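As a basis for the values below, the full set of heavy atoms in this structure was taken, side chains included, without hydrogen atoms, waters or symmetry mates. The structure displayed is predicted, hence computed values, not measured ones. Convention: sequence-line order gives letters A, B, ...; per-chain numbering from 1.
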Amino acid sequence: MKEGSESLNFLEHIIEEDLKSGLAKNHLRFRFPPEPNGYLHIGHAASICLNFGLGEGHEAPVNLRFDDTNPIKEEQEFVDSIKHNIEWLGFKWAKECYTSDYFQQLYDWAVELIKNGKAYVDGQSPELIAEQKGTPTSPGKPSPHRDRPIEENLEIFEKMKNGEFPAGSYVLRAKIDMASPNMLMRDPLMYRILNKAHHRTANDWCIYPMYDWAHGQSDYLEQITHSLCTLEFKSHRELYDWFLDQIYDETKIRPKQREFARRNLSYTVMSKRKLLELVQSKTVAGWDDPRMPTISGLRRRGYTPESIRKFSELSGISKRDSVTDVSLLEYAIREDLNKRATRAMAVIDPVKLVITNYPDGKTEILEAENNPEMENSGSHEVPFSRELYIEKEDFKEDAGSKYFRLTIGKEVRLKNAYIIKGESIVKDAQGNIAEIHCTADLDSRSGSGTEASMRKVKGTLHWVSIQHAVKAEVREYDRLFLDEAPDSHGDKSFMEFVNPESLKITKEAYVEPFLQKAQLEDKFQFQRVGYFTLDQDATADHLIFNKTVGLKDSWAKAQTKEQTQVQQQKPKEGTGRSAINEVQKISKKYTNLSGNKLETARANIIKLAEDVQYEELEPLFGTAKKKVGTRIGATIALGVLLKKGLEKNEAINAFIQAGLEDDNELLVEEAKHIA
RNA sequence: UGCCCGAUGGUGUAACUGGCAACACGUCUGUUUUUGGUACAGAAGAGUCUAGGUUCGAGCCCUAGUCGGGCAACCA
């Protein structure tokens with residue numbers, strides 16, 4: 001992971017430091033700790049790639065640990081789906097662990113804490129406990145049970161464990177500091193009573209540990225060296241360390257928690273709650289709807305594991321909150337699919353094309369390259385005949401000179417076939433184009449080696465033979481939200497930004513017969529259109545293709561730009577950087593320069609100063625003393641203005657005087673020039 | 001109001017113990033091309049949040065401020 005790039009992210013720096021200061025490389029160990037209460041999404045993928053990537057980079061084991069301390073929300077179904085997703089991404093965990101495996105140990109340690117006077121049983125209501133916690137600005141009040149005798153604590157705690165109390169009646173609390181500025185340190189809960197069967201321990205337990213009490217201890221039990229989590233756990237670190245202090249044995253590895261920013265993707269939402277809302281409101285068809293940022297959704301959409309890993313790598317890792325543009329994700333998948341997708345032809349929005357000089361009833365079998373980007377990828381057969389479908393948008397009655405596609409009187413090539421020339425059109429009663437008639441240069445068949453076949457024509461079109469085409473359903477997806485950060489508007493729900501046109505279904509698209517054999521997970525490029533994959537709902541006689549992502553389309557871009565340019569042309573005055581700004585820019589580094597570079601910089605400032613107005617220059621007189629460069633630049637520029645006949649005023653004199661008195665020789669020198 | 005983080009081109013990340021701000025995506029040009037794709041070549045785009053300070057020299061160190069985020073679940 002780190003070879004090839006010397007630049008490390010801040011977590012890798014920390015690991016490097018630890019290694020340098022004595023941590024044995026073979027002790028390195030990481031973990032990915034999902035709670036099995038939902039499906040994994042692209043944000044989790046960042047964490048997965050981070051932890052497993054670190055493991056791969058350092059040849060260190062990475063545990064998969066299900067943080068299953070809340071039986072109310074967690075289910076086996078999620079465990080299975082998470083495991084599938086991680087495997088699909090191509091990562092192998094060292095051990096499959098469950099926090100629930102440590103329930104006994106956790107309990108024993110809790111008893112230990114009670115005996116040491118570090119924990120106590122509280123029987124107050126949640127409301128009361130919350131109230132006593134105080135607020136971030138005011139200290140909390142101790143619980144009346146804070147000093148309950150140890151024996152009594154032990155007795156009640158055991159009864160809690162034995163199921164002698166109803167859910168919610170008692171909790172075990174750590175005895176830390178009710179006045180701590182960190183709210184989490186104000187006697188946090190360690191255990192609560194939950195009368196709910198657990199997906200793994202069934203009814204063995206009716207008390208369950210809280211996250212803070214379980215997580216660090218689990219890391220410790222597994223001897224994880226670096227426990228990486230997202231930023232919102234930062235303030236938990238103090239507690240994490242406090243709990244570890246209570247049980248830590250110096251001969252063992254002491255895990256450290258470090259935090260990184262979670263990854264957001266533009267034009268989507270990422271929280272489990274919001275994703276669930278999309279599913280429940282039927283905005284999408286399910287968790288694996290191809291528009292969902294879930295791993296299973298991306299997979300169904302046609303994303304490859306490689307592309308997701310690449311995306312994670314490109315996105316990087318840091319501590320500031322950010323929104324990564326989807327274009328980076330799209331780049332990652334296009335790059336991968338360009339190399340591996342089999343090329344095929346499909347017409348999604350068809351119009352009939354008749355080659356008038358091609359014999360009726362004749363069929364030719366032509367050859368189509370499977371993948372020009374991959375050697376030895378072979379070719380497949382594609383049938384050609386007199387009547388074809390082409391894409392509606394590939395023909396225009398009156399086209400400009402920049403339109404390379406079919407129009408009357410102009411030649412284009414049919415991919416893998418002949419060069420044709422538009423002759424005439426047939427319209428229906430409503431005036432829509434029903435048929436396009438053209439003639440083919442019958443000597444120009446692709447691959448025939450004739451001179452005609454080598455001719456260069458500007459445009460190439462994809463097509464299917466009507467007689468041979470296979471009908472298919474095509475599902476095209478657009479971003480799910482119209483807003484870049486739909487959940488960033490405090491006053492509005494993210495649901496208000498749902499894109500009503502995020503799914504476009506074409507029931508009658510036509511694909512070449514070769515695609516009849518498409519299998520799930522096969523990757524195709526429909527030439528000139530985009531990358532597609534078979535949907536899981538497809539059957540042998542009902543093909544369904546999902547569009548993963550379109551090809552880059554500089555033609556479409558030019559079109560939309562042309563439109564927006566017309567509107568935007570007006571407010572395009574005063575372009576370019578002003579002279580004074582240039583002067584400032586050059587000046588800033590002035591004192592770092594020497595020799596020729598210094599000379600050039602000075603000459604440039606003098607030249608630029610010709611276009612500088614005094615009104616622009618005067619504000620620079622107030623430049624901080626330490627910004628000598630800027631003051632020198634201003635002095636030089638001032639010299640130019642004075643030479644042009646500017647009268648000295650009070651501000652100018654004061655500025656020159658300050659320059660003369662400065663410790664910087666260059667500045668003094670320039671000031672002398674104009675004094 | 002308390003505590004804790006963060007701030008670098010449009011976006012995401014770099015910049016080793018201070019030394020002319022780099023890479024990728026995106027944008028724009030051009031070349032090649034039987035995909036208006038790919039590939040290749042190139043360009044534009046950043047006073048590193050602000051103000052002071054330390055230093056020969058600050059994105060980096062110090063101080064104060066501004067803005068953004070997190071923290072008061074018997075969730076994780």
For the pair made of CG in Leu19(A) and P in C16(B), what is the distance, rounded to whole Å? 20 Å
What is the distance from OH of Tyr191(A) to P of C75(B), rounded to the nearest Å? 14 Å
Using OP1 and OP2 only, check whether a side-chain N or O of His13(A) sits under 4.0 Å from A15(B). yes
Checking all strands, does His236(A) fall into the base, sugar-phosphate, or nothing category for heavy-atom contacts under 4.0 angstrom? base
It should be established whether Arg320(A) places a side-chain nitrogen or oxygen under 4.0 Å from OP1 or OP2 of nucleotide U8(B). yes
P gap between C23(B) and G6(B), integer Å: 26 Å
Please report the distance separating the P of U38(B) from the corresponding atom of G45(B), rounded so that it comes out in whole Å. 25 Å
Provide, to the nearest angstrom, the distance between the CG atom belonging to Asp325(A) and the P atom belonging to U13(B). 12 Å
G10(B) and U48(B): how far apart are their P atoms, nearest whole angstrom? 13 Å
Can you give one letter per nucleotide of nucleotides 24-36 of chain B, 5' to 3': B if a protein heavy atom sits under 4.0 Å from the base, S if only from the sugar-phosphate, - if neither? SSSSS----SBBB
Counting the atoms with a prime plus P, OP1 and OP2 as sugar-phosphate, which does Arg263(A) contact under 4.0 Å by heavy atoms, base, sugar-phosphate, or nothing? sugar-phosphate
Taking atom CZ as the centre, does Arg262(A) end up with more than 12 heavy-atom neighbours from other residues, nucleotides or ligands that are less than 6.0 angstrom away? no
Rounding to an integer number of Å, can you tell me how far Lys133(A) NZ sits from A72(B) C1'? 8 Å
What nucleic acid atoms does Ile317(A) come within less than 4.0 Å of, heavy atoms only: base, sugar-phosphate, or nothing? sugar-phosphate
Do you know which two heavy atoms are closest between Lys73(A) and Asn37(A), and how far apart they sit? O-CB, 3.6 Å
Please convert RNA chain B into dot-bracket. A pair counts if it is Watson-Crick or G-U wobble with both distances under 3.5 Å; crossing pairs go in [ ] and bases paired with another strand get |. .((((((..((((.....[..)))).(((((.......))))).....(((((..]....))))))))))).....
Note: Ala174(A) and Phe243(A) closest approach over all heavy atoms is CB-CE2, 3.9 Å
Aromatic rings Phe103(A) and His198(A): how do their planes relate, parallel, tilted or perpendicular, breaks at 30° and 60°? perpendicular
Base, sugar-phosphate, or nothing for Thr69(A), non-hydrogen atoms under 4.0 angstrom? sugar-phosphate
Any Lys/Arg nitrogen of Asp336(A) or Lys523(A) sitting under 4.0 Å from an Asp/Glu carboxylate oxygen of the other? no
Rounded to whole Å, please give me the gap between CG in Leu189(A) and P in A72(B). 13 Å
I'd like the C1' distance from C20(B) over to A76(B), given in whole Å. 48 Å
Do any side-chain nitrogens or oxygens of Ser235(A) fall under 4.0 Å of OP1 or OP2 in C5(B)? no
Taking atom C1' of G37(B) as reference, at what distance in whole Å does atom CZ of Phe524(A) sit? 18 Å
By nearest-heavy-atom nucleotide on RNA chain B, the more 5' of Glu335(A) and Ala261(A) is Ala261(A)
Parallel, tilted or perpendicular: rings of Phe384(A) and Tyr418(A) (30°, 60°): tilted
So, Lys274(A) and Asp487(A), do they make that salt bridge, N to O below 4.0 Å? yes
If you look at every heavy atom in Gly449(A) and Met454(A), which pair is closest and at what distance? O-CE, 4.4 Å
SB check Glu391(A) Arg405(A) (cutoff 4.0 Å): no
Could you measure between the two P atoms, the one in G37(B) and the one in C25(B), and give it in whole Å? 16 Å
If we take the C1' atom in both U8(B) and A22(B), what is their distance in whole Å? 11 Å
C75(B) and G68(B), which share atom name C1', separated by this distance in whole Å: 26 Å
Aromatic ring proximity Tyr98(A)/Phe66(A), centre distance under 6.0 Å: yes
Which residue lies toward the 5' end of RNA chain B, Pro181(A) or Phe233(A), if each is placed at its nearest nucleotide? Pro181(A)
Please measure how far the C1' atom in G53(B) lies from the corresponding atom in A58(B), and state the result in whole Å. 11 Å
Rounded to whole angstrom units, what separation is found between the CD atom of Gln257(A) and the C1' atom of G70(B)? 13 Å
Nearest 0.5 angstrom please: Asn70(A) CG to Ser100(A) OG, how far? 12.5 Å
For C75(B), does either OP1 or OP2 sit under 4.0 Å from a side-chain N or O belonging to Arg192(A)? yes
Length of the CG-C1' vector between Asp219(A) and A76(B), whole Å: 13 Å
Measuring to OP1 and OP2 of G6(B), would you say a side-chain N or O of Ser318(A) lies under 4.0 angstrom away? no
